[in-house]
Structure formats: C-alpha cells, structure tokens
Amino acid sequence: MVVTTPTPARRLAVGDAAPDFTLPDSTGGTTSLADLAGTRTILYFFPQVDTPACTQQACDFRDSLAGLAGAGLKVVGVSPDPAADVVAFAAEQNLGFLLLADEDHRVAEAYGTWGEKVNYGRAYQGLIRSTFVIGADGRIELAQYNVRAKGHVAKLHRDLKILPVD
C-alpha cells in the first residue's frame with residue numbers, strides 16, 4: 001500500500017495578482033474577476049451553505065454591508081455548493097451581496113483554499129475558510145486563511161481599520 005501526502009495548495013500573499021475566475025452567482029447569472037475590476041472586494045470562501053457557522057458568517061457580512069461599503073468595499077462569497085443551493089441560501093438569508101458557486105473547487109484551488117482538513121481525527125480534502133481583500137487593481141491586499149466564522153467580520157473591521165456602522 002502506497003500512502004501519498006497531498007501537496008499543500010499555494011497560498012496567496014499580499015501583492016499577488018488575484019486568480020481569474022468566472023462562476024455561477026446567486027442572481028442566476030455569472031460573475032467574473034473582471035466584473036469586480038476597479039472595486040475593492042472582500043472575497044470570502046466558506047465550506048457549505050445552510051450550516052450554522054456559514055450562516056452566521058454570511059449574516060455577519062450582511063449586517064456589516066453599510067460599514068464595508070462606506071469604506072469602499074464590496075463583499076462576494078464563494079462556496080463549493082451547487083449554484084441552485086447558493087441562489088436559495090442568498091435569497092433565504094436576504095444577503096444583499098453575491099455568492100458564487102465553485103462546484104469543482106477549481107477557484108478555491110487557485111486561491112489556496114482547498115486542501116486537507118482534519119475533523120474528529122479524520123483527514124479529508126475540503127474548503128478552508130479564508131478571506132481575501134482584492135484591490136481595485138486586481139492585486140491581493142489581504143489574505144487570511146483558516147479564519148473562524150464567529151467574530152471574523154469584526155476582526156476584519158479591526159484589521160482594515162473600519163469602524164462598524166450601527
């Protein structure tokens with residue numbers, strides 16, 4: 001029996017060009033990196049719609065949209081779920097920002113957010129909760145891997161020096 005160790009995904013760093021993508025979105029259309037050009041964007045990757053942690057994180061972003069927009073930031077979430085699930089989740093939670101469906105996780109791989117995870121002692125391949133700020137020029141301004149769902153948006157406000165709007 002041959003045991004192979006998975007090659008860790010290359011992680012993005014500040015200054016790297018954001019990897020290009022075009023994915024189905026929560027409006028029923030598609031969104032690409034080119035559609036975000038000229039705008040600072042928070043691109044966050046989350047493992048699964050309709051789970052407690054992912055719902056909390058999405059709703060935290062939803063509830064912080066005014067403050068983030070006031071700081072010139074747009075929010076876009078990416079999940080490996082099917083497009084229909086992403087559409088339903090965005091509508092159900094009244095998110096007010098785009099979610100993208102990355103079913104084959106090729107975009108997650110390009111951003112270094114698909115890799116080995118361990119849960120209850122079992123190793124498997126999955127999405128690593130991560131967040132990026134992509135500058136208006138298409139370059140990575142901030143890359144955070146292995147973030148926690150709870151409190152992440154508040155931490156992002158602190159890291160970006162954005163005052164929350166009540």
Measure the [atom1]-[atom2] distance between [X] and [Y] for me, rounded to the nearest 0.5 Å.
X: Q57; Y: T55; atom1: CD; atom2: OG1; result: 10.0 Å
X: D159; Y: T131; atom1: CG; atom2: OG1; result: 10.0 Å
X: L73; Y: T39; atom1: CG; atom2: OG1; result: 10.0 Å
X: E103; Y: D81; atom1: CD; atom2: CG; result: 8.0 Å

Charged N-O contact under 4.0 Å between D16 and R10:
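Result for this pair is yes, salt bridge flagged.
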Is D102 salt-bridged to R106, cutoff N-O under 4.0 Å?
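No, this pair does not count.
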Checking side chain to side chain donor-acceptor pair (under 3.5 Å) for the pair D50/Q93: CA distance, chi angles, key distance, verdict?
CA-CA 9 Å; D50 246 354; Q93 297 302 325; 4.6 Å; no
Where [X] and [Y] come nearest, the two heavy atoms and their spacing:
X: L127; Y: A108; answer: CD1-CB, 3.9 Å
X: A83; Y: P24; answer: CB-CB, 3.9 Å
X: L98; Y: S26; answer: CA-OG, 3.6 Å
X: S79; Y: V86; answer: CB-CG2, 4.4 Å
X: L95; Y: C59; answer: CD2-N, 4.4 Å

Is there a donor-acceptor pair closer than 3.5 Å between any side-chain N or O of [X] and the backbone N or O of [Y]?
X: D63; Y: D60; answer: no
X: T41; Y: L43; answer: no
X: R40; Y: A136; answer: no

Below 4.5 Å, heavy atoms only, C-beta onward: do [X] and [Y] meet side chain to side chain?
X: F97; Y: L68; answer: no
X: L33; Y: I134; answer: yes
X: P80; Y: Q48; answer: no

Assigning hydrophobic clusters by single linkage (Ile, Leu, Val, Met, Phe, Trp, Tyr; side-chain heavy-atom cutoff under 4.5 Å), is L100 placed with L12?
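Linked within one cluster.
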Return the orientation label for the F45 and Y111 ring planes: parallel under 30°, perpendicular over 60°, tilted otherwise.
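Rings of F45 and Y111: tilted, as their planes differ by 30° to 60°.
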Can you label the angle between the F89 ring and the F46 ring as parallel, tilted or perpendicular, going by 30° and 60°?
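Tilted, since the angle between the ring planes falls between 30° and 60°.
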Tell me, please, whether Y44 has R129 positioned over its six-membered ring: NZ or CZ under 6.0 Å from the ring centre and within 45 degrees of its axis?
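R129 over Y44 ring: no.
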